[in-house]
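Data block below; observations after.
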2 protein chains.
Amino acid sequence: MEEEKRTIRAVERALDVMLCFTTGSDWGLTEIAQRVGLHKSTVHRMLATLEQKGFVFRDEATEKYRLGLRILELSAHARASDPAVVLLGEMERLRDQLGETVSLYVRDRNDRVRIQAVQSEQAVRRVAPVGARLPLTVGASSKVLLAFGDAGERDALLAEVSWPAPKDRDAYLEQLQEIAALGYATSFEEREAGAAAISAPIFDRSGKLYAALSVSGPSNRLTADIMRERAPAVMEAARRMGMLLGGTGV
Amino acid sequence: MEEEKRTIRAVERALDVMLCFTTGSDWGLTEIAQRVGLHKSTVHRMLATLEQKGFVFRDEATEKYRLGLRILELSAHARASDPAVVLLGEMERLRDQLGETVSLYVRDRNDRVRIQAVQSEQAVRRVAPVGARLPLTVGASSKVLLAFGDAGERDALLAEVSWPAPKDRDAYLEQLQEIAALGYATSFEEREAGAAAISAPIFDRSGKLYAALSVSGPSNRLTADIMRERAPAVMEAARRMGMLLGGTGV
DNA sequence: TACCGATGTTTCACAGAGTGAAACCAAGGA
DNA sequence: TCCTTGGTTTCACTCTGTGAAACATCGGTA
């Protein structure tokens, strides 16, 4: 209540409506209304507006709403302006060298987002959709983003997050320090059963942490030994990628 | 004025702000305000809202606004729910068969949008970003979408569009009829110098036009003769893709 | 057939939310 | 130093967004 609000309520609500589509792709009007806690008629007007501008549309068959093509159009531009395209070449090289899926994660608030990925070409492989939003405490690249990122932000995050539990936080911080010393992190069936990953930080030329480079695959191919053996290749690729990036912020 | 408006003005305006980013990726506040014709302070509040929800962010270096990662996240879901993924396999097969870039276009209002694409692997190739929005009258797949689409919608479009000019409309319609008879369309340096394309319609099982399948490349590789020769392969692929789609709408 | 419940749509009166003018800052450049 | 150019904040007014409730449209059920 005492919060200063210099934002527009109607817009905020409309964006919440859109964000419904990050979990499930088909939504009916009433479902959405319940989810965001607004009156049907309000949501109805919002969907009409979103539809008019092409951000959502009504699936003729199911009579439910879906994300429209404007989102696709915008995302094309979001990605075009992204340094991540510069790194694609290096990512493909690393994929070919190790034969596993390679992805790039950046921190966004209290999550990490996969901003770029090239898939392994093996039959059994991890699928890695670009745009996926994942928790920021668990998984190899999460630990990289925390271990090499700003210490203040890290502590703030750990204070408000439910995992690791308060009593385990010291152990977790210790693990992060180890990672910082080693220069890379690994995870074995940590976030997802059957999957493992190696991750190393990418710093831009001004030394700022830009992203975590991650190589991931099925845990039977990526054993602890194998990962230790391959870590230098990942770190080297991350270093080269950093060189491709400009200075502060770009 | 006498228009019925059952939409929310604030939301409408906010979406317009976002749509700025379909032309140019960096925008300052005042630029946007001018572009959408609103007061600085209004736009300021909107950007604050959009930023809070992660739809845009402030580039630290340039101090300008850019599209945020939420867009990427949403687009991942927009695409996941899309029948276009089912067609990827067939598209790759066609790409490997012909060695050229293959894309998929659907009609959206008075434009067409590239909803899926697989790139040629040749050194000289057309680049085809997914999400691109293109005019609906010019280019092979445009003609396919018009020739095989709803006649009423087609006439409505031609009435309000500036190209082809009114006097050329009969000739254009004749060309569309030819295309409808042949089952495919070609274009040679029509929309873009140095580029050519073959396109065929994809109908779902209920016979409804779903998209235009297009094979495009440099005009020296895709001569008129070559295109005529390859058209059957494109039509056949389009037919098979149609079989993969469900009935009405899906 | 009549009835029901669950969807989406429209109407309407009220209050509070969004609006833009104007004032205020901050940072460069001349 | 004074401008200019961008962004930020304040504030009073009124217009806009709001949700209750009524309405419409289905399928299913008895």
Side-chain angles (χ1 to χ4, degrees), chain A residues 1-21 24-68 247-250, chain B residues 1-21 23-53 55-68 247-250:
Chain A
M1 285 304 158
E2 77 284 354
E3 288 266 335
E4 286 301 327
K5 39 167 11 183
R6 47 204 71 161
T7 101
I8 298 170
R9 195 182 56 160
V11 174
E12 216 169 325
R13 289 170 163 190
L15 298 181
D16 283 336
V17 167
M18 271 205 257
L19 288 178
C20 284
F21 295 94
S25 50
D26 295 320
W27 289 80
L29 186 147
T30 4
E31 283 178 298
I32 298 180
Q34 275 170 329
R35 166 84 178 263
V36 298
L38 293 174
H39 198 274
K40 283 195 304 176
S41 76
T42 307
V43 175
H44 182 254
R45 263 169 287 144
M46 295 193 159
L47 286 170
T49 315
L50 290 170
E51 184 168 26
Q52 194 197 24
K53 296 281 179 190
F55 284 76
V56 305
F57 72 100
R58 196 71 157 287
D59 187 316
E60 295 180 10
T62 66
E63 290 275 292
K64 287 178 181 276
Y65 286 93
R66 292 182 157 208
L67 287 176
T248 314
V250 172
Chain B
M1 286 302 158
E2 75 285 353
E3 289 265 335
E4 285 302 327
K5 42 170 2 186
R6 49 205 69 162
T7 100
I8 299 170
R9 193 182 58 160
V11 174
E12 216 169 326
R13 290 170 164 189
L15 297 180
D16 283 337
V17 167
M18 271 206 258
L19 288 178
C20 284
F21 295 95
T23 59
S25 49
D26 296 318
W27 290 81
L29 187 148
T30 359
E31 283 177 299
I32 296 181
Q34 276 170 331
R35 165 86 179 262
V36 298
L38 294 174
H39 198 273
K40 283 196 302 176
S41 75
T42 306
V43 175
H44 182 253
R45 264 169 287 144
M46 297 194 157
L47 287 170
T49 315
L50 291 170
E51 184 168 26
Q52 194 197 25
K53 297 281 179 189
F55 284 77
V56 306
F57 72 99
R58 197 70 158 286
D59 187 316
E60 296 180 8
T62 66
E63 290 275 292
K64 286 176 181 277
Y65 287 93
R66 292 181 157 210
L67 287 176
T248 315
V250 171

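Values reported hereafter were calculated over all heavy atoms of this structure, with side chains retained and with hydrogens, waters and symmetry mates removed. All chains are named by letter (A, B, ...) in the order of the sequence lines, taking the proteins before the strands, and each is independently numbered beginning at 1.
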Item checked: Proximity to the side chain of A:His44 - top-ranked nucleotide from C:dT10, C:dT19, D:dG7 -> C:dT10
Next item on the list: Choose from C:dT19, D:dG19, D:dT9 the nucleotide whose nearest atom is closest to any side-chain atom of B:Ser41.
Entry: D:dT9
Check: Does any pair with a residue in residues 46-55 of chain A pass side chain to side chain donor-acceptor pair (under 3.5 Å), and if so which ones, sequence neighbours excluded?
Finding: A:Lys53-B:Asp16
Could you state the atom-to-atom distance from [atom1] of [X] to [atom2] of [N] in whole Å?
X: A:Lys64; N: C:dG8; atom1: NZ; atom2: C1'; result: 12 Å
X: A:Arg9; N: C:dG16; atom1: CZ; atom2: P; result: 10 Å
X: B:Leu47; N: D:dT8; atom1: CG; atom2: P; result: 9 Å
X: A:Leu29; N: D:dG19; atom1: CG; atom2: P; result: 13 Å

Find out whether [X] and [Y] are in side-chain contact, i.e. whether some heavy atom of one side chain is under 4.5 Å from a heavy atom of the other.
X: A:Phe55; Y: B:Leu19; value: yes
X: B:Thr23; Y: B:Arg35; value: yes
X: A:Val56; Y: A:Trp27; value: no

Next item on the list: Mind checking side-chain contact (heavy atoms from CB on, under 4.5 Å) for A:Gln34 and listing every partner two or more places apart, or none if nothing turns up?
Entry: none
Heteroatom pairs (N/O) under 3.5 angstrom, protein to nucleotides 23-27 of chain C:
none

Margin query: Tell me which residues in residues 30-39 of chain A lie within less than 4.0 Å of DNA chain C, going by non-hydrogen atoms.
Written below: A:Thr30
Next item on the list: Kindly state each residue pair satisfying salt bridge (Lys or Arg N to Asp or Glu O under 4.0 Å) with at least one member in residues 40-49 of chain A, sequence neighbours excluded.
Entry: none
Check: With distance as the sole criterion, do the side chain of B:Arg45 and the base of C:dG20 form a donor-acceptor contact below 3.5 Å?
Finding: yes
Check: Among all residues two or more places apart in sequence or in another chain, which pass the salt bridge (charged side-chain N to carboxylate O under 4.0 Å, His left out) test with A:Glu31?
Finding: A:Lys64
Notebook entry, point to check: Quick one: bend of the helix from C:dT1-D:dA30 to C:dA30-D:dT1 from 5 pairs per end, to 10°?
Noted result: 30°
